[in-house]
Amino acid sequence: MAPVRGDGMRGLAVFISDIRNCKSKEAEVKRINKELANIRSKFKGDKTLDGYQKKKYVCKLLFIFLLGHDIDFGHMEAVNLLSSNKYSEKQIGYLFISVLVNTNSDLIRLIIQSIKNDLQSRNPVHVNLALQCIANIGSRDMAESFSNEIPKLLVSGDTMDVVKQSAALCLLRLFRSSPDIIPGGEWTSRIIHLLNDQHMGVVTAATSLIDALVKCNPDEYKGCVNLAVSRLSRIVTASYTDLQDYTYYFVPAPWLSVKLLRLLQNYNPVTEEAGVRARLNETLETILNKAQEPPKSKKVQHSNAKNAVLFEAINLIIHSDSEPNLLVRACNQLGQFLSNRETNLRYLALESMCHLATSEFSHEEVKKHQEVVILSMKMEKDVSVRQMAVDLLYAMCDRGNAEEIVQEMLNYLETADYSIREEMVLKVAILAEKYATDYTWYVDVILNLIRIAGDYVSEEVWYRVIQIVINREEVQGYAAKTVFEALQAPACHENMVKVGGYILGEFGNLIAGDSRSAPLVQFKLLHSKYHLCSPMTRALLLSTYIKFINLFPEIRTNIQDVFRQHSNLRSADAELQQRASEYLQLSIVASTDVLATVLEEMPSFPERESSILAVLKKKKPGRVPENEIRESKSPAPTSGPGSVLQNNVHVNNSHSKLNNSNANTDLLGLSTPPANNVGSNSNSTLIDVLGDIYGSNNNSSAVYNTKKFLFKNNGVLFENEMLQIGVKSEFRQNLGRLGLFYGNKTQVPLSNFNPVLQWSAEETLKLNVQMKAVEPTLEAGAQIQQLLTAECIEDYADAPTIEISFRYNGTQQKFSIKLPLSVNKFFEPTEMNAESFFARWKNLSGEQQRSQKVFKAAQPLDLPGARNKLMGFGMQLLDSVDPNPDNMVCAGIIHTQSQQVGCLMRLEPNKQAQMFRLTVRASKETVTREICDLLADQF
Amino acid sequence: MMLFMLLFSRQGKLRLQKWYMAYPDKVKKKITRELVTTILARKPKMCSFLEWKDCKIVYKRYASLYFCCAIEQNDNELLTLEIIHRYVELLDKYFGSVCELDIIFNFEKAYFILDELLIGGEIQETSKKNVLKAIASQDLLQEDETPQSFFDDHGLG
């Protein structure tokens with residue numbers, strides 16, 4: 001280690017060595033605590049501490065803070081250092097404040113005077129220290145206190161260059177928090193003219209400031225364009241020796257060049273003046289020419305700096321989108337980079353080409369590189385580069401090359417990284433739809449997608465293929481034939497069963513003439529998959545079967561047998577049971593005419609933009625390359641997708657007499673992802689619950705809401721920085737159904753994702769909970785659902801827990817969450833009048849039938865809140881039963897398979913004492929106690 | 001504009017952090033944790049740029065230290081690599097072939113040098129000579145002002 005100039009602080013060095021020698025985290029903490037105690041006592045007791053010692057201790061505190069420990073003292077000592085007349089002490093004081101003081105700390109007011117003094121110093125080193133501090137804090141307070149001084153420093157003729165540079169950037173920082181700090185009027189032209197300053201450092205700093213000002217007020221600062229163009233032109237044509245130390249590895253002033261090129265991108269067109277435009281184009285050409293020259297150095301710094309300017313020039317060319325010649329040249333240049341040995345360059349070239357592909361002038365040029373890009377997609381070692389190649393293929397796709405690109409993407413999909421599969425599926429689906437001239441091709445592509453990457457095919461994708469098939473008569477027969485063939489594979493993905501089930505239900509008749517796909521064969525084929533599918537798919541298949549009865553009356557009895565099998569207790573899922581029995585009735589009761597009307601072919605969907613596009617945009621806001629040449633931009637996606645969901649609503653409503661509950665919609669609603677603003681009501685809760693998974697990630701604190709779920713069925717059950725768990729549940733009699741929605745909030749997949757139910761065998765005899773398995777990988781930003789069914793056989797205490805474990809970035813995570821499945825969920829509210837309430841109340845007076853608790857109320861005592869909670873609890877809240885209007889009484893019946901347990905409850909507030917008395921009476925002792933335990937301390 | 005710069009070792013120890021946006025402490029710790037694990041998991045030949053949340057990350061490894069910057073979507077990645085390089089050159093020139101230990105023991109100097117290079121997340125001075133001149137004039141001010149307790153500390157009192 002070389003000796004360091006200035007004065008080292010020995011005590012600090014010793015302390016740092018000590019920390020480094022600590023063998024364990026504990027030892028380190030111990031050493032730090034010792035030091036903190038020492039510093040605290042020095043600051044408290046020793047009045048003779050001199051500046052050097054204060055500086056040393058403040059510096060130690062800073063070091064401790066940077067190790068990741070909290071510091072709650074020493075701020076005043078640091079503030080004192082600011083007014084020291086020794087520079088090194090002042091500097092440490094400023095450093096401490098910059099690092100530790102938050103923008104809204106009270107301390108800020110204390111330091112403003114010291115900063116003012118330093119700003120007025122004649123020594124530029126002091127002035128800069130003050131400016132750096134203002135910029136580091138950058139708060140509104142700072143802006144208000146220095147709104148006079150800093151603009152003056154910036155334009156005054158007396159200010160030294162180094163100070164001007166700092167002042168420009170300091171002003172920029174303050175402008176970002178308080179845009180009103182910039183004086184207008186004559187200041188505008190003085191600020192713009194900094195672009196002409198002799199000193200390159202000043203121009204560089206000023207360009208950053210002007211760029212921000214232009215963004216807010218382009219007209220006022222329009223004068224900067226001419227100055228920027230001529231400055232840029234001078235730099236680009238300068239030889240590298242002209243600019244001395246502002247030349248970086250043989251590239252003249254790369255930072256300033258890039259900033260000027262950025263500044264010009266704020267205007268479109270950049271300029272109306274022909275002369276200026278010609279000079280700009282000439283400059284851009286020079287930059288492109290230089291890219292072709294042999295490198296002046298082998299160092300990567302040389303090529304980076306040179307290419308940084310080149311890429312920024314290309315950005316400007318793309319931004320203007322008006323010079324075909326430059327666009328084509330840019331494209332050729334980027335094409336060369338596609339096979340450069342530097343990964344960074346290949347990545348940037350792919351990214352930049354995505355933009356070029358959307359210009360009508362360069363789209364064809366970009367297409368020339370298709371083969372190389374396909375190779376990049378397949379061969380690049382870094383997944384982010386492969387992803388960029390996929391983006392570019394998507395952007396360069398048009399009617400001419402769609403078949404080839406889609407095929408290549410499909411081929412690659414089989415081996416693609418898990419992290420990009422879902423997005424690729426969306427892209428393939430969009431391209432296939434958009435450029436399909438022959439819809440049989442489209443159907444083939446989507447079915448291939450499901451075959452190759454079924455798990456990644458979201459609902460939007462398979463909804464969409466059904467919409468298109470329904471709307472295009474010419475493809476219906478082909479679709480039916482193809483899905484029929486696809487379903488014959490021994491193992492086929494559930495999504496294939498969904499699409500197949502739906503399409504055969506609508507158009508199975510079109511292929512029924514062939515004996516190989518006769519009605520009974522179709523039905524048997526579909527039904528052979530039934531047992532392997534989730535309830536949602538089974539529900540869909542049941543609908544297909546009833547449609548079959550309409551299409552193929554000859555197999556009616558076979559189908560009715562199946563309905564019969566599933567319309568009784570053997571079908572654990574209440575929804576399926578209901579569906580089966582209602583369809584069975586429909587098939588028995590309704591005449592062929594009625595049946596034909598009810599189960600008529602689906603009407604066409606209104607034509608609208610693909611909902612898949614919206615999903616893609618949602619997935620990567622601002623990062624989805626447009627697959628649309630800019631000249632012919634299509635309108636933004638319209639509202640909701642035409643989901644198959646709505647079809648089912650259609651079926652239900654058309655014979656609502658038979659199907660008096662629209663639980664079907666609910667069932668499907670449960671599994672609709674929150675990707676879209678779906679209009680139908682059944683989904684809205686879910687979207688609310690899960691909508692923010694993709695939103696703010698800064699909600700870092702874990703939220704764990706189980707208690708609240710005593711009183712409600714839907715909402716966010718748990719949330720921490722990695723995972724959000726939403727729940728939606730529904731109970732009927734002694735049966736319940738729960739959908740858990742796991743949302744991965746991180747940028748990486750959660751692997752080994754495994755929720756395990758913690759509910760003993762003994763407890764299962766009372767409450768039988770069945771949980772569907774989930775995929776072991778939860779992709780970044782994705783959400784999966786898990787369905788649980790619960791059957792209450794006998795009353796029970798407490799509620800099941802699930803233990804969720806997964807690996808996040810190589811570390812194992814595990815936590816347990818109580819499920820909202822307490823016994824009160826099986827309550828049926830019971831209405832009764834005062835007389836019968838009190839009669840029952842008196843009847844339930846045995847020792848085992850009563851339970852009482854007195855507890856302190858939450859502050860402040862909230863009676864309306866308590867009433868609300870009770871209403872959500874599941875019992876009937878009975879008004880005008882108790883003579884005291886403050887008292888709340890409720891009645892309800894708990895449904896279990898073995899018996900029904902009547903239950904009464906009374907909650908009496910004592911306002912003076914801020915207490916509640918809770919009394920529960922029920923016909924069974926265990927229920928009495930459990931309900932009392934559940935409700936105690938909840939108000 | 002640059003949003004923040006982090007220096008950390010191969011073992012994942014944070015050596016320097018500079019924030020140009022006001023994040024709460026908790027968020028800073030979370031960002032640091034996430035980025036350190038993400039970057040340490042990457043292989044040497046991979047691209048130096050990555051998309052991360054709504055910004056871009058540019059990083060480069062020098063010996064045992066990783067330099068990592070977050071920039072906005074519109075910022076120039078290649079030039080950010082060169083900001084890092086310029087900073088390394090400045091440290092190298094100042095400390096005389098800099099190593100991780102120099103930055104640990106003289107962290108305050110590392111901050112002062114960075115403050116001369118960047119202000120508010122924007123490059124202030126690209127000339128190496130000028131930055132070194134500014135640092136030298138700071139050091140010059142210090143040399144006249146050595147107090148008594150400095151000698152005490154070093155056993156020279």
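Chain identifiers are assigned alphabetically (A, B, ...) following the order of the sequence lines, protein sequences preceding nucleic acid strands; residue numbering begins at 1 within each chain.
- Proximity to chain B (any heavy atom under 4.5 Å) is shown, for Phe96(A), by neither the backbone nor the side chain.
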task = Begin with the C-alpha distance, continue with both residues' side-chain angles, and end with the deciding distance and a verdict on side-chain contact (heavy atoms from CB on, under 4.5 Å) for Val385(A) and Met46(B).
result = CA-CA 9 Å; Val385(A) 187; Met46(B) 282 189 169; over 6 Å; no
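- At least one donor-acceptor pair closer than 3.5 Å links the side chain of Gln165(A) to the backbone N or O of Gln124(B).
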inquiry  = Using side-chain contact (heavy atoms from CB on, under 4.5 Å), reason through Met200(A) and Glu125(B) one step at a time and then give a plain yes or no.
reply    = CA-CA 9 Å; Met200(A) 292 289 277; Glu125(B) 180 55 87; over 6 Å; no
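- Contact of Leu129(A) with chain B is not made at all, since no heavy-atom distance falls under 4.5 Å.
- Highest contact tally toward chain A, considering only Ile104(B), Asn74(B), Leu16(B), is held by Asn74(B) [criterion: heavy-atom pairs under 4.5 Å].
- By the 4.5 Å heavy-atom criterion applied to side chains, Leu12(A) and Phe105(B) are not counted as neighbours.
- In this structure, CD on Glu122(B) lies 6.5 Å from CG on Leu169(A), to the nearest 0.5 angstrom.
- Heavy atoms closer than 4.5 Å to chain A are found in both the backbone and the side chain of Arg86(B).
- The shortest distance between side-chain heavy atoms of Gln301(A) and Glu89(B) does not fall below 4.5 Å.
- Contact annotation for Lys43(B): neither backbone nor side-chain heavy atoms come within less than 4.5 Å of a heavy atom of chain A.
- The pair Asp382(A)-Arg42(B) counts as a salt bridge, with a side-chain nitrogen and a carboxylate oxygen less than 4.0 angstrom apart.
- With contacts defined as side-chain heavy-atom distances shorter than 4.5 Å, the pair Phe311(A)/Leu79(B) does not qualify.
- Around atom NZ of Lys13(B), no more than 12 heavy atoms belonging to other residues, nucleotides or ligands sit under 6.0 Å away.
- Both the backbone and the side chain of Ser17(A) come within contact range of chain B, judged by heavy atoms closer than 4.5 Å.
- Taking the charged nitrogens against the carboxylate oxygens, Arg20(A) and Glu100(B) have no contact shorter than 4.0 Å, which rules out a salt bridge.
- Only the side chain of Tyr249(A) comes within less than 4.5 Å of a heavy atom in chain B; its backbone stays farther off.
- No side-chain heavy atom of Val162(A) sits less than 4.5 Å from a side-chain heavy atom of Lys133(B).
- In this structure, chain A has no heavy atom under 4.5 Å from any part of Asp54(B).
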query = Can you list the steps and then say if Tyr94(A) with Asp115(B) is a side-chain hydrogen bond (donor to acceptor under 3.5 Å, both in side chains)?
reply = CA-CA 11 Å; Tyr94(A) 272 118; Asp115(B) 275 346; over 6 Å; no
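- Ile119(B) places none of its side-chain heavy atoms less than 4.5 Å from the side chain of Arg173(A).
- Note: Ser127(B) leads Ser137(B), Gly120(B), Ser127(B) in heavy-atom pairs under 4.5 Å with chain A.
- A donor-acceptor pair under 3.5 Å is formed between the side chain of Lys29(B) and the backbone N or O of Gly68(A).
- Partners of Lys54(A) under the salt bridge (Lys or Arg N to Asp or Glu O under 4.0 Å) rule, at least two apart in sequence or in another chain, do not exist in this structure.
- Checked by atom type and distance alone, the side chain of Asn304(A) never pairs as donor or acceptor with a backbone atom of Leu78(B) at under 3.5 Å.
- Remark: Lys215(A) NZ is packed, more than 12 non-hydrogen atoms of other residues, nucleotides or ligands lying under 6.0 Å away.
- With a 4.5 angstrom heavy-atom cutoff, Ile83(B) touches chain A via backbone and side-chain atoms both.
- The aromatic rings of His85(B) and Tyr248(A) sit perpendicular, their planes meeting at an angle over 60°, well past the 30° parallel limit.
- Interface remark: Glu82(B) contributes backbone and side-chain atoms alike to the contact with chain A (heavy atom separation under 4.5 Å).
- Most heavy-atom pairs under 4.5 Å with chain B: of the set Ser208(A), Ser384(A), Ala253(A), Ala135(A), this distinction falls to Ser208(A).
- Ranked by heavy-atom pairs shorter than 4.5 Å toward chain B, the options Asn344(A), Leu62(A), Val125(A) are led by Asn344(A).
- In this structure, CG on Asn123(A) lies 5.5 Å from CG on Leu141(B), to the nearest 0.5 angstrom.
- Remark: Glu342(A) pairs with no residue by the side-chain hydrogen bond (donor to acceptor under 3.5 Å, both in side chains) rule, at least two apart or across chains.
- Within the 4.5 angstrom heavy-atom criterion, atoms from both the backbone and the side chain of Ile16(A) approach chain B.
- For the pair Gln17(B)/Leu66(A), a side-chain contact is recorded, criterion being any heavy-atom separation below 4.5 Å from C-beta on.
- For the pair Asn76(B)/Trp255(A), no side-chain contact is recorded, criterion being any heavy-atom separation below 4.5 Å from C-beta on.
- Using a 4.5 Å cut-off between heavy atoms, Asp211(A) makes no contact with chain B at all.
- Neither the backbone nor the side chain of His302(A) comes within less than 4.5 Å of any heavy atom of chain B.
- Side-chain contact between Glu721(A) and Arg33(B) is present, with heavy atoms from C-beta onward closer than 4.5 Å.
- Within the 4.5 angstrom heavy-atom criterion, no atom of Leu243(A) approaches chain B.
- Looking at Gln747(A) and Glu34(B), their side chains never bring a donor and an acceptor atom within 3.5 Å of each other.
- Only the side chain of Thr37(B) has a heavy atom closer than 4.5 Å to any heavy atom of chain A.
- Expressed to the nearest 0.5 Å, how far CG of Asp25(B) lies from CD1 of Ile71(A) amounts to 11.0 Å.
- The distance from the CG atom of Leu50(B) to the CD atom of Gln387(A) is 12.0 Å, given to the nearest 0.5 Å.
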